Amino acid sequence: MERAKKQQLAKIAAQMRLDILDQVHAAGCGHPGGSLSIADIMAYLYFSEMTVDPADPAMASRDRFVLSKGHTAPALYAALAEKGFFPKEELLGLRKIHSFLQGHPDMKNIPGVDMSTGSLGLGVSAACGMALAAKLDGRDYRTYTMLGDGESEEGQVWEAMMFAAHYKLDNLVVMIDWNGLQIDGPVTEIMNPTPHDKKLEAFGFHVMVVDGHDFDEIEKAFEKAKTVKGKPTAIIFKTVKGKGVSFMENQVNWHGVAPNDEQYEIAVAEIKAKAKI
Amino acid sequence: MAEKIATRQAYGEALAELGEKYNFVVLDADLAAATKTGIFKKKFPNRHFDCGIAEGNMMSVAAGLAAAGKIPFVSSFAMFAAGRAFEQIRNSIGYPQLNVKIGATHAGITVGEDGATHQCNEDIALMRAIPGMTVINPADAVEARAAVEAALHFDGPVYLRFGRYAVPVINDKNTYKFELGKGVQLREGSDVTIIATGIMVDMANTAAEMLQAEGISARVINIHTIKPLDREIVLKAAKETGAIVTAEEHSIIGGLGAAVAETVCEGYPVPVLRVGVNDVFGRSGSVPALLEAYGLTPANIVEKAKQVIALKK
Ligand SMILES: Cc1ncc(C[n+]2csc(CCOP(=O)(O)OP(=O)(O)O)c2C)c(N)n1
Ligand SMILES: [Mg+2]
């Protein structure tokens, strides 16, 4: 990847991390850990990979994105606001009664959200439906879905994987945010769903395992996915939960709590210092 | 001001306390900290099983445990217990009438900021429709604690509904007696009866006081066991007060209001009006703002009471 592009994506991701913190801090609740872990991937998706138009959110030819791990909505909202789907100021309304920014993604009321999610384990199925529709309608848009590593414990996820391979949905990219943590503890200790790569290969996927914080690797994986024919692609992104905020990184207790004022200031300062913004 | 405790907190503490005397097991689906089964887990790590985020599987595992003679308490949020795992509950637990206790927390709109996907206003309707399922919705921490013990001693499937939000303690823990399937008359009255369940019971008391100030005499009944419903206390209220308002933190479809209306229609028809979530989805917001927005308030109960009195023949 060109240096300039990489710098630009890094800047967007840092801005998104700040916006994620702003949202959960203003709401006084929400899920920072799993939002921060996907910030780099979301930046790449919305600013390099997907074809979407903020002026026409319902454009029929747009690429689709389903945030199956819907609790990390702040990452999606940050990307959508950064892209211009709605004004940045709206982010501070997250989870408040008069705001359209619901605690979990709401496709009816939030421009740019392609599927309502929040109940884990449903998103891959919905993404399969979108990908199949593209095939039926002869459209060439692609469908992307992001699920959590903990979320992959849901049985329906694997029913959907079977479906995706069975119908040869090569226009579908299933991403797993492998941050290693769920609510009650480390994913491998709570209910070990590994090895994802071997399972997904056995299910008929083209599987890649890449660093979810390295834009070169992220780009390579998405580019490779476009060349895969006759089968769906799965990208297992190795990430750090809470990435970018030292005291949140790899900490299970930062799954679903907001930083207080002091923690918020420290977190913002850290991200700004690192990104030189 | 009464002390405020969430019923889920009372649930977790009850499990930990009763666990000393009784050899039941507890299952959770990656929500032990939120459902409060974590309190039990701390004390009895070998009798607590995290099933991961796989609620359907968890329900059928519980059925197997019960079939082998164990008593499992199974917890997740109401949405993912009654909702996600409905079919497993119906077929694995309900149909064979297995001795499984489903402790569903975060029921209703008082989930708050998580919004519509997590606010289950349909669980009573779903669970009530399963033959042989006992459905309990306690009003406060004292009743919740007692309900857990009653469920433990009852042989058969039980759905226990708990809330996330801290609500006033209205019962006295030293004198409170829980009788499964029996409604509790909290206040005498002759013009109208307010039949409430869960967190709406406290509001029903407040509403009755507001009505009293306007010269209207309202009876208040707490229905903690929605199924089997105490027909006797409901029909007596219909006969003696001639009008009924129901109040629940649940959809007006299929819950307490529906159960009371069905009973009254068949047994002694009088007008019934329902306070509840009016066949709409919830949304994100603070709990007080949501209660206000969805009309789950004493003022709305008062309003409905006046309307139902006007409908009397
Ligand atoms: C069906 C369902 N069960 C439980 C929950 C509650 N819940 C929200 S987030 C979460 C843990 C998710 O862990 P993971 O998928 O690893 O997400 P991440 O680490 O990316 O935040 C759980 C259990 C839910 N939202 N949906
Ligand atoms: Mg995770």
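Chain A is the first sequence line, chain B the second, and so forth, proteins listed ahead of strands; every chain is numbered from 1. Predicted model, so just to flag it, every value in this text is computed and none were measured.
- Listed options A:Gly150, A:Gly28, A:Ala27, A:Pro105 were ranked by heavy-atom pairs under 4.5 angstrom with chain B; first place goes to A:Gly150.
- Ranked by heavy-atom pairs under 4.5 Å with chain A, the list B:Ala293, B:Ala34, B:Ala32 is led by B:Ala32.
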Could you list each N or O donor-acceptor pair linking chain B to chain A at a distance under 3.5 Å?
residue	atom	partner	partner atom	Å
B:Asp30	OD1	A:Gln182	NE2	3.3
B:Asp30	OD1	A:Ile183	N	3.3
B:Asp30	OD1	A:Asp184	N	2.7
B:Asp30	OD2	A:Gln182	NE2	3.0
B:Asp30	OD2	A:Ile183	N	3.1
B:Leu31	N	A:Asp184	OD2	3.4
B:Ala32	N	A:Asp184	OD1	3.4
B:Ala32	N	A:Asp184	OD2	3.3
B:Ile53	N	A:Glu153	OE1	2.7
B:Ile53	O	A:Glu154	N	3.1
B:Arg84	NH1	A:Leu120	O	2.9
B:Arg84	NH1	A:Glu154	OE1	3.1
B:Arg84	NH1	A:Glu154	OE2	3.2
B:Arg84	NH2	A:Ser119	OG	3.0
B:Arg84	NH2	A:Leu120	O	2.8
B:Asp114	O	A:His104	ND1	2.8
B:Asp114	OD1	A:Arg95	NH1	3.0
B:Asp114	OD1	A:Arg95	NH2	2.6
B:Arg283	NE	A:Ile97	O	2.9
B:Arg283	NH2	A:Ile97	O	3.1
B:Arg283	NH2	A:Ser99	O	2.5
B:Ser284	N	A:Gln102	OE1	2.7
B:Ser284	OG	A:Gly103	N	2.6
B:Gly285	N	A:Arg95	O	3.2

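- A:Ile183 CD1 to B:Ile53 CD1: the interatomic distance, rounded to the nearest 0.5 Å, is 7.0 Å.
- More than 12 heavy atoms of other residues, nucleotides or ligands shown are found within 6.0 angstrom of CZ on A:Phe100.
- Among residues two or more places apart in sequence or in another chain, the salt bridge (Lys or Arg N to Asp or Glu O under 4.0 Å) test is passed with B:Arg47 by none.
- For the set A:Leu122, A:Leu101, A:Leu94, the count of heavy-atom pairs under 4.5 angstrom toward chain B peaks at A:Leu122.
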